[in-house]
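Below is one structure, written out as structure tokens; comments come after it.
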Amino acid sequence: MANLNIDAVKERTFQAIVIGSGLSGSWAAKELCEHGVKTLVIERGRDVKHIKDYPTTNMLPYEFEHRGQIPLEVQNENPVVSRCYAFREDAAHFFVKDKEHPYVQEKPFDWIRGYQVGGKSLLWARHVQRWSDFDFEGPARDGFAVDWPIRYKDIAPWYSHVEKFAGVSGNKDGLPNLPDGEFLPGYPLNVVERYFQDQLKKNYGDSRHMILARCAHINGNFDYYAQQGRAKCQSRNLCQRGCPFGGYFSANSSTIPWAEKTGNMTMRTDAVVHSIIYDEEKGKATGVRIVDAHTKEMEEYFADVLFVNAAALNTNLILLNSTSNRFPNGLGNDNGLLGKYVAFHNYRAGISADHEGHVEYTTQGGRPTSGYFPRFRNVLKQETDFLRGYAAGFSASRNVYPDTGGIGLDLKERLLNPDQYGPWKVGSHMMGETIPKESNYVALDPNQKDEWGMPLLRINVDYDDNDEKMVKDYLEQMTEMFEKAGFTNIQTRDDHRAPGLDIHEMGGVRMGKDPKTSLLNGNHQLHAVPNVYVTDGASMTSTATQNPSLTYMAFAARAAHHAMKTK
Amino acid sequence: MKRRDALRSLALITGGLVLVPSCDFSKEDIINAYQNLKITPSLKQLLADIAETIIPAGNIKGAADIEVQDFILVMVNDCMEEDARNSFSSGLTGFEDFSKKTAGSSFGQLDQKQKESLILTGLSTEEESQKDIRDFLRMTKRFTTQGFMLSEYIQTQVKPYSLIPGEYKGDVLIADIKTERING
């Protein structure tokens with residue numbers, strides 16, 4: 001019997017365990033496996049194999065029973081996920097339904113999740129902008145949160161490392177606040193987007209820029225990506241279904257199969273991580289407890305080093321639930337700050353307008369990206385009555401459509417031969433930095449548990465006065481820029497959406513220099529349990545304005561190499 | 001999707017047999033596939049006739065040829081709010097009365113021109129008592145055009161849908177675009 005037990009433990013022992021197979025976890029797994037580390041990847045959802053498990057990827061519009069629309073009954077049962085722009089008939093199977101995975105909203109919070117191998121990397125918007133020191137130095141300069149323990153120079157080589165492998169298309173723009181990277185050729189901006197660039201130059205000199213957003217799509221160096229089985233992005237704009245070409249970066253098409261190919265990765269799917277095992281004698285974490293998603297039985301797995309990449313809020317949940325005599329309030333939580341200083345991106349505001357010029361032009365074909373405004377507010381110094389600022393998307397488009405008046409053969413002819421060109425439509429949406437605060441937090445519900453025995457997460461996150469001022473400023477500044485460019489019929493909106501719908505929730509396990517005021521050190525290790533690394537959104541000390549995924553990938557790769565060096 | 005197809009076939013087998021040339025729909029079976037609507041086979045046929053008037057057959061197939069009525073009923077049943085569903089049902093059920101009152105005879109007895117004129121009248125009526133007729137026709141027109149243009153027939157045989165739209169061009173002169181005219 002004793003031998004049997006030893007064998008069982010042996011079978012369940014690895015050199016490293018990575019919790020979560022999404023965008024950041026798969027990067028940790030890839031780096032570890034590539035360098036010979038026997039790694040167990042634990043995923044709470046089902047397996048999703050590249051191509052094979054993308055059931056809708058090549059479906060034509062008529063093959064969707066509701067032509068893409070989600071039926072009312074499903075919407076009513078799942079109001080949160082139904083608010084997500086990508087929750088449509090073609091990708092609904094990759095989203096968590098509210099009904100199946102409840103949580104407690106102390107304040108409204110739209111928690112959008114993807115429980116499967118690859119996580120939300122199948123569904124993300126794929127924009128990848130680097131941070132600069134204007135972002136890393138933000139908290140120290142402006143006196144909020146705590147100082148980041150790292151600077152741009154620490155992460156720059158890792159940005160390069162992940163950009164090269166993931167494949168990032170973009171232009172070298174030479175902007176100090178949005179550093180250039182390892183770019184494949186960029187996609188074209190259209191004639192009206194270029195016109196708007198010229199107008200900005202004329203009206204604002206060099207102080208405001210609208211550039212091509214860098215995106216994680218393959219648009220060059222094809223032989224290199226062929227090694228991953230990935231090919232040029234075909235601009236289908238059906239990314240959320242999973243891409244049969246591997247044209248954009250997802251864990252499923254890139255890092256997971258790469259890790260698998262080394263022979264060093266073991267994937268355990270359908271395993272809900274309950275907690276991390278802390279050994280008081282050894283003074284370190286020794287493994288994880290999981291609950292099998294189907295049998296509900298608890299199992300244990302062991303390793304020397306653990307990566308927690310469960311996606312920001314679930315990483316908080318696992319750590320809060322990892323209690324022991326040494327850590328009664330959650331793993332590494334000596335200062336009581338675990339779960340606190342949660343932040344997000346403010347996506348509330350947008351603007352649209354018409355452009356009456358360039359009537360002789362239109363566009364053809366598809367493009368997986370759009371225009372992008374790097375933050376221009378408070379970059380060099382504080383200049384407004386709110387802290388920090390916002391980035392913004394921008395795009396111009398022109399559609400041909402039919403006159404749909406009347407009925408009969410005449411209508412039929414017009415539907416089949418659309419010939420109406422309206423004015424160009426221009427639009428933008430804000431991506432505002434929010435300030436992490438102790439009062440924005442997540443915590444475990446003391447009573448309610450889910451089907452797997454995990455405490456429900458209570459989410460208490462809200463906007464503040466700084467966010468309100470920023471919405472106002474964005475709308476004022478964009479209106480001014482649009483007016484100066486001669487755009488007409490300008491419409492502004494503040495949709496008052498709940499936090500979370502940005503799908504950029506961050507923090508709760510923040511990095512910092514001082515164990516008294518932060519959970520993680522500059523190498524992403526828990527101060528108090530250094531063999532536990534957190535490199536997903538939970539680790540963010542502040543949010544900046546950039547789409548955060550690229551930074552999580554770079555963090556994961558960097559931390560994996562630190563772990564291998566330390567061993 | 002399978003379940004609905006099965007129900008639909010079942011309805012055709014059972015409900016279809018009791019098709020009676022009568023305006024008294026209460027004698028007919030309700031088609032179970034659309035559980036949020038009360039649809040009899042003759043109402044469904046009437047809907048097909050209305051859709052066919054909106055997009056008639058000509059050089060190429062029309063709405064009824066590709067059974068757009070199935071799509072309309074699926075969309076109204078599954079995707080519309082209750083009050084819209086009720087307007088749709090009541091408009092469809094009241095349509096024959098509307099036809100008799102406005103055009104002097106039942107819809108089936110009108111010629112193509114009269115049918116078109118009746119539907120155009122219904123689409124633009126501002127009379128409060130005909131609100132359901134108007135809402136029903138607007139929904140029917142919307143889903144007829146959507147269902148027709150996004151049908152397998154149009155997307156494979158008439159205007160093949162391309163999953164790969166080609167390289168992006170951001171400054172195409174409209175004058176240079178050559179498109180072949182499709183005769184409906």
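Each chain gets a letter, A, B and so on, in the order the sequences are listed, and its residues count up from 1.
- Taking each heavy atom of B:M75 and A:E65 in turn, the nearest pair found is SD-O, 4.5 Å.
- For A:D419, no part lies under 4.5 angstrom from a heavy atom of chain B.
- Residue with the most contacts toward chain A among B:I164, B:N36, B:N59: B:I164 (heavy-atom pairs, distance under 4.5 Å).
- More than 12 heavy-atom neighbours from other residues, nucleotides or ligands sit within 6.0 angstrom of CD on A:Q420.
- Only the backbone of B:A57 comes within less than 4.5 Å of a heavy atom of chain A; no side-chain atom from C-beta onward does.
- The shortest non-hydrogen separation linking A:Y62 to B:S151 is CB-C, 3.7 Å.
- Proximity to chain A (any heavy atom under 4.5 Å) is shown, for B:E52, by neither the backbone nor the side chain.
- Judged by distance alone, the side chain of B:K169 and the main-chain N or O of A:G366 form no donor-acceptor pair under 3.5 Å.
- Residue A:K49 places its NZ atom among 12 or fewer non-hydrogen atoms of other residues, nucleotides or ligands, all under 6.0 Å distant.
- Residues A:V359 and B:I174 share a closest heavy-atom pair of O-CD1, 3.5 Å.
- Remark: A:R67 fails to qualify as a cation-pi partner of B:F143 under the 6.0 Å distance and 45° angle criteria applied to the six-membered ring.
- Across all their heavy atoms, B:G184 and A:K412 have their closest contact at O-NZ, 2.8 Å.
- For A:F245, the part lying near chain B is the side chain, with the backbone staying farther off; criterion is any non-hydrogen pair under 4.5 Å.
- Residues A:L60 and B:E152 are not in side-chain contact: their nearest non-hydrogen atoms beyond the backbone lie 4.5 Å or more apart.
- Between B:V172 and A:Y361, every side-chain heavy-atom pair lies at or beyond the 4.5 Å cut-off.
- The contact between B:N183 and chain A is made by backbone and side chain atoms together, counting heavy-atom distances below 4.5 Å.
- Proximity to chain A (any heavy atom under 4.5 Å) is shown, for B:T179, by neither the backbone nor the side chain.
- Within the 4.5 Å cutoff, the side chain of A:L72 has no heavy atoms near those of the B:D78 side chain.
- Taking CZ of A:R236 as the start and OG of B:S162 as the end, the distance is 10.0 Å to the nearest 0.5 Å.
- For chain A, the nearby part of B:F71 is the side chain; its heavy atoms alone come within less than 4.5 Å.
- Contact count versus chain A (heavy atoms, under 4.5 Å) is highest, among B:I154, B:L150, B:D176, for B:L150.
- Ranked by heavy-atom pairs shorter than 4.5 Å toward chain A, the options B:E180, B:Q146, B:E167 are led by B:E167.
- Of the atoms belonging to A:L415, heavy atoms from both backbone and side chain fall under 4.5 Å from chain B.
- With a threshold of 4.5 angstrom between heavy atoms, A:V400 does not approach chain B through any atom at all.
- A salt bridge links A:E413 to B:R181: at least one charged side-chain nitrogen sits closer than 4.0 Å to a carboxylate oxygen.
- B:L120 places a side-chain heavy atom less than 4.5 Å from the side chain of A:I407.
- When all heavy atoms are compared, the tightest approach of A:P71 to B:C79 is CA-SG, 4.0 Å.
- With a 4.5 angstrom heavy-atom cutoff, A:R414 does not touch chain B via any of its atoms.
- Using modelled atom types, one side-chain atom of B:K141 and one backbone atom of A:T404 make a donor-acceptor pair closer than 3.5 Å.
- Annotation for A:K232: atom NZ counts as buried by contact number, over 12 foreign heavy atoms lying within 6.0 Å.
- B:F148 contributes atom CZ, which lies 9.5 Å from atom CG of A:L411 (distance to the nearest 0.5 angstrom).
- In this structure, A:G408 and B:P56 approach most closely via the heavy-atom pair C-CD, 3.5 Å.
- Side-chain contact between A:P61 and B:Y161 is present, with at least one heavy-atom pair separated by less than 4.5 Å.
- Between chain A and the options B:T144, B:I60, B:I177, heavy-atom pairs under 4.5 Å are most frequent for B:I60.
- Looking only at heavy-atom pairs under 4.5 Å with chain A, the residue among B:T53, B:I54, B:L123 that has the most is B:I54.
- With a 4.5 angstrom heavy-atom cutoff, B:Q155 touches chain A only via side-chain atoms.
- B:D171 places none of its side-chain heavy atoms less than 4.5 Å from the side chain of A:T362.
- Environment of NZ in A:K172: crowded, with over 12 heavy atoms of neighbouring residues, nucleotides or ligands closer than 6.0 Å.
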